[in-house]
Amino acid sequence: MEEQLKHAIVSVFPQRVFPALAGEKPLSATNVKRFAPTAAVGILIAFTPVLYGSLAAPSNVIADPADLFIFSIGNVLPLLFVFYAALLYVPVVLQETQAAGWMPIIARRGRSSYVGTHVVRSAAIGALAFGSAIGLAAMWAFAIAPAFDQVAFMPEQRVLPVAEDMTFSQFAHTGTWKFVVFMIFWTAFHGMLYTVLFTALAMHLRNPFLALLLGPAVVFLIGTALAIAQLEMFMPDNAVLPTGLEQGPPHEPVITTCVVLLTVLGTVGFTLWSPRLPRALQ
């Protein structure tokens with residue numbers, strides 16, 4: 001009776017949902033190897049603002065915990081954002097495309113299922129990693145650093161109130177934590193967008209170096225061109241974390257985000273339904 005129940009469940013749900021019932025080990029050595037780079041990069045992303053703030057803030061003039069929060073998330077993370085997003089999940093795809101490990105999966109499930117699984121996984125991992133980075137930075141800036149006197153605050157040095165400091169800090173008019181929560185979800189959404197974009201792009205590139213670097217390089221060049229044209233408010237990194245600009249209208253980063261969203265949807269759609277398989281999957 002027990003064996004019949006297991007067989008019934010496995011026949012209804014994919015084996016990847018209930019690997020143990022299918023006789024597979026969910027944490028096999030193969031899966032650990034596949035996702036170890038993702039786990040390492042995810043942890044690095046999550047703790048980057050805290051590490052930077054811990055090392056750099058004591059030697060800078062920090063007005064208060066809100067200032068420490070903005071300082072922590074607004075320096076290293078925007079610079080490394082797109083490179084982190086590429087390193088987060090692209091190595092998982094590369095391990096399969098370089099070893100043709102996708103062939104039996106596509107033969108069994110079809111291209112849509114294969115691409116869709118990687119898109120969903122990369123979206124979830126990207127949102128979790130980058131959202132956690134902002135959440136941990138907030139916890140450290142507002143609770144841990146003040147409790148342990150890690151930073152000497154100088155409130156007299158604050159020029160503007162928090163609600164006028166940067167784009168989106170308008171939410172702080174009714175409470176600083178509304179601004180913090182918004183930034184967590186905003187950054188998590190961008191983490192999802194860029195991680196999915198680079199994951200889908202990697203399926204079209206056979207060269208592993210191009211798969212890792214082409215997407216971030218293009219985004220960096222676009223940002224540089226916008227900076228030269230004095231359109232810094234539309235730079236991709238300023239749309240993700242607009243901490244380096246004076247407060248401007250919220251629609252400016254939203255416009256950039258919409259362009260990125262359309263690019264992601266187009267790339268994923270082409271990967272799913274193009275007449276030919278993506279180049280790296282041929």
Rounded to the nearest 0.5 Å, what's the gap from [atom1] on [X] to [atom2] on [Y]? Could you check?
X: Asn238; Y: Thr167; atom1: CG; atom2: OG1; value: 8.5 Å
X: Phe234; Y: Thr257; atom1: CZ; atom2: OG1; value: 11.0 Å
X: Ile45; Y: Phe83; atom1: CD1; atom2: CZ; value: 13.0 Å
X: Leu79; Y: Tyr52; atom1: CG; atom2: OH; value: 9.0 Å
X: His118; Y: Thr271; atom1: NE2; atom2: OG1; value: 12.0 Å
X: Leu160; Y: Glu246; atom1: CG; atom2: CD; value: 8.0 Å

Determine the minimum heavy-atom distance between [X] and [Y], stating which atoms define it.
X: Leu241; Y: Thr187; value: CD2-OG1, 3.5 Å
X: Ser112; Y: Trp273; value: OG-NE1, 4.3 Å
X: Ala86; Y: Leu212; value: CB-O, 3.4 Å
X: Thr38; Y: Leu88; value: OG1-O, 2.7 Å
X: Phe153; Y: Pro146; value: CE1-CG, 4.0 Å
X: Pro49; Y: Leu77; value: CG-CD2, 4.0 Å

Please check if the distance between the ring centroids of [X] and [Y] is under 6.0 Å.
X: His190; Y: Phe81; value: no
X: Phe179; Y: Phe168; value: no
X: Trp177; Y: Phe142; value: yes
X: Phe189; Y: Phe130; value: no

Do side-chain atoms of Asn75 reach the backbone of Phe71 as a donor and acceptor pair under 3.5 angstrom?
yes
Short question: side chain of Asn60, backbone of Ala56 - any donor-acceptor pair under 3.5 Å?
yes
Has Arg108 got more than 12 heavy atoms of other residues, nucleotides or ligands less than 6.0 Å from its CZ?
yes
Does Glu164, at its CD atom, have more than 12 non-hydrogen atoms belonging to other residues, nucleotides or ligands within less than 6.0 Å?
yes
For Val93 and Met203: C-alpha separation, side-chain torsions, deciding distance, then whether side-chain contact (heavy atoms from CB on, under 4.5 Å) applies.
CA-CA 7 Å; Val93 176; Met203 296 182 188; 4.0 Å; yes
From the list Leu226, Val259, Val218, Val82, side chain to side chain contact (heavy atoms under 4.5 Å, CB included) with Pro236 holds only for Leu226
Determine, using the 4.5 Å side-chain heavy-atom cutoff (strictly less than), whether [X] and [Y] are members of one ILVMFWY cluster.
X: Leu231; Y: Ile222; result: yes
X: Leu272; Y: Val120; result: no
X: Leu201; Y: Leu261; result: no
X: Leu205; Y: Leu281; result: no
X: Leu262; Y: Phe270; result: no

Side chains of [X] and [Y], heavy atoms from C-beta outward: is any pair under 4.5 Å?
X: Phe220; Y: Asp237; result: no
X: Met103; Y: Tyr114; result: no
X: Thr117; Y: Arg109; result: yes
X: Gln150; Y: Pro58; result: no

So, [X] versus [Y]: side-chain donor-acceptor pair below 3.5 Å or not?
X: Thr48; Y: Tyr84; result: yes
X: Arg111; Y: Ser274; result: yes
X: Gln247; Y: Ser169; result: yes

Evaluate side-chain contact (heavy atoms from CB on, under 4.5 Å) for Met233 paired with Leu245, printing each intermediate quantity in order.
CA-CA 7 Å; Met233 69 290 294; Leu245 298 174; 4.3 Å; yes
Decide yes or no on side-chain contact (heavy atoms from CB on, under 4.5 Å) for Arg158 and Asp165, but give the supporting numbers first.
CA-CA 10 Å; Arg158 178 170 279 286; Asp165 204 17; 4.1 Å; yes
Name of the residue among Phe182, Trp186, Phe185 meeting ring-ring contact (aromatic ring centres under 6.0 Å, His included) with Phe171:
Phe182
Please lay out, stage by stage, how Ser54 and Trp140 fare under the test side-chain contact (heavy atoms from CB on, under 4.5 Å).
CA-CA 9 Å; Ser54 301; Trp140 179 75; 3.5 Å; yes
